[in-house]
Trainee: 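Input: one structure, supplied below.
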Amino acid sequence: MTDRLDDRKLTILNAVIRTYLETGEPVGSRTISKYSDLKLSSATIRNEMSDLEEMGFLIQPHTSAGRIPSDKAYRFYVDSLVKEKTEQVTAMNSLMIAKTNRMEEILKQVVRMLANNTNYTTMISAPSVKRNKIKFIQLSKLTDRQLLDVVVIDGNIVKNHIIDLDEDITDETVLKLNLLLNTRLNGLTLADINLGLISNIKEEAGSHGNIVNDVLDTVADVIRAETDENMQIYTSGANNIFKYPELADSQSAARLISTLEDKSGLADLVKLSENEGPGTGIQVYIGEESPVESMKDCSVVTATYELGDGLQGTIGIIGPKRMDYERVMSSLNVFKQSLSDAFKHPDDNNEEQGG
């Protein structure tokens with residue numbers, strides 16, 4: 001008998017392998033007859049399984065037991081997976097290399113492919129600038145106990161804020177604070193402003209350290225507001241929630257689907273993930289660790305991708321706590337790298353070749 005597998009035998013073999021991987025028990029024809037892709041009788045499946053045994057793909061450990069995959073079956077399954085993943089990555093790269101002005105279409109394709117690949121719910125945020133630099137800070141005296149704080153960041157985005165003081169302030173002090181703040185903060189991003197820098201600036205400001213705090217709060221507000229206003233998030237695979245009994249409860253599922261549709265909770269997840277920074281790799285939030293209330297019964301795995309020039313976005317996978325973490329993290333790494341590579345600035349490639 002030839003080793004060539006027709007579509008029916010291939011489907012049955014895959015069903016046996018997947019069922020055995022999940023249960024660790026020999027698989028019978030009655031179990032396979034319930035497989036969602038099959039509409040065959042148990043007798044027909046028994047005959048096909050018998051053929052697969054003759055072909056060396058299945059083993060019957062005991063006369064009355066079901067069958068288990070052979071080493072030959074595992075090799076066939078693994079080779080098929082490798083081929084499938086290679087084709088997915090090739091398709092992904094072809095898709096990415098398309099014109100970058102089709103970014104929205106590409107991201108929607110990516111999130112759909114990821115949902116199909118993992119059988120979980122997926123999300124992706126469109127890339128946005130996360131490295132807005134401070135261009136200018138201006139403190140102006142309104143009264144002896146009030147200052148107008150004006151912060152300008154890249155793109156000439158401006159934020160005004162009134163600072164109330166506990167004591168009078170002189171014009172000379174305002175001038176010194178303007179000089180200090182602009183000297184130390186101009187050209188920095190929010191990520192560049194660490195606790196050590198803040199401590200040094202406050203020390204130089206002396207008794208007016210609280211003004212430094214207010215200015216930094218304004219800087220953070222304007223950058224976050226700009227990010228939130230422009231954030232686009234795409235989702236896919238919401239119906240995959242119902243594949244897992246622990247998430248399919250009507251109330252839990254309704255809350256989760258509402259979050260996916262509303263997007264505001266997802267925005268909090270994106271901000272938390274991106275604050276961790278792309279250099280830290282993949283972030284995993286299990287149950288109560290999730291920043292989103294409706295996801296407290298889930299596990300959420302996210303990764304930040306970078307497209308150069310400060311552009312960053314987040315890819316995320318939402319599933320049950322018993323999700324296949326290894327597979328999920330592997331998929332995220334592939335998709336994250338594909339995005340980053342496909343949209344890398346040409347100058348980056350030249351630098352790598354030259355360096």
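Treat the numbers as computed from the prediction; the structure is a model and nothing was measured. Residue numbers start at 1 and run along the sequence shown.
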Trainee: Looking only at heavy atoms, what is the nearest atom pair of Tyr20 and Pro69, with distance?
Mentor: CD2-CD, 3.4 Å

Trainee: Is Leu185 linked to Leu175 within one hydrophobic cluster, defined over Ile, Leu, Val, Met, Phe, Trp and Tyr using a side-chain heavy-atom separation of less than 4.5 Å?
Mentor: no

Trainee: Between Arg184 and Glu204, does any side-chain N to carboxylate O distance fall below 4.0 Å?
Mentor: yes

Trainee: What about Phe136 and Ile162, same hydrophobic cluster or not, with Ile/Leu/Val/Met/Phe/Trp/Tyr joined at side-chain heavy-atom distances under 4.5 Å?
Mentor: yes

Trainee: Is any side-chain heavy atom of Ile318 closer than 4.5 Å to a side-chain heavy atom of Thr235?
Mentor: no

Trainee: Taking all non-hydrogen atoms of both residues into account, name the closest pair between Thr121 and Gly237 and its distance.
Mentor: OG1-O, 3.0 Å

Trainee: What's the verdict on side-chain contact (heavy atoms from CB on, under 4.5 Å) for Cys298 and Leu247, showing C-alpha distance, side-chain angles and the deciding distance?
Mentor: CA-CA 8 Å; Cys298 306; Leu247 302 181; 3.8 Å; yes

Trainee: For Asp6, I'd like to know if atom CG has over 12 heavy atoms of other residues, nucleotides or ligands within 6.0 Å.
Mentor: yes

Trainee: Could you tell me which non-hydrogen atom of Lys72 sits nearest to which non-hydrogen atom of Gly56, and how far apart they are?
Mentor: CB-O, 3.6 Å

Trainee: Taking side chain as C-beta onward, heavy atoms only, is Tyr244 less than 4.5 Å from Met323?
Mentor: no

Trainee: Just one of Leu139, Ile163, Val174 clears the side chain to side chain contact (heavy atoms under 4.5 Å, CB included) bar with Ile169, so which one?
Mentor: Val174

Trainee: Side chains of Leu177 and Val215, heavy atoms from C-beta outward: is any pair under 4.5 Å?
Mentor: no

Trainee: Tell me which one of Asn47, Thr44, Ile45 satisfies side chain to side chain contact (heavy atoms under 4.5 Å, CB included) with Ser29.
Mentor: Ile45

Trainee: Tell me the closest heavy-atom pair linking Leu256 and Ser294, and the distance in Å.
Mentor: CD1-O, 3.8 Å

Trainee: Would a 4.5 Å heavy-atom cut-off, applied to side chains only, mark Tyr77 and Arg18 as touching?
Mentor: yes

Trainee: Are any non-hydrogen side-chain atoms of Leu269 and Met123 less than 4.5 angstrom apart?
Mentor: yes

Trainee: Below 4.5 Å, heavy atoms only, C-beta onward: do Leu165 and Ile211 meet side chain to side chain?
Mentor: yes

Trainee: Identify the heavy atoms of Leu5 and Met55 that sit nearest to each other, and give their distance.
Mentor: CD2-CE, 3.4 Å

Trainee: Please tell me whether Tyr120 and Val284 are part of a single hydrophobic cluster in this structure, the criterion being side-chain heavy atoms less than 4.5 Å apart.
Mentor: yes

Trainee: More than 12 heavy atoms of other residues, nucleotides or ligands under 6.0 Å from NZ of Lys176: yes or no?
Mentor: no

Trainee: Can you name the closest pair of heavy atoms from Pro320 and Ser299 and give their distance?
Mentor: O-CB, 3.8 Å

Trainee: For the residue pair Leu147 and Asp214, establish whether any side-chain heavy-atom pair is separated by less than 4.5 Å.
Mentor: no

Trainee: Any heavy-atom pair between the side chains of Ile124 and Tyr305 that's under 4.5 Å?
Mentor: yes

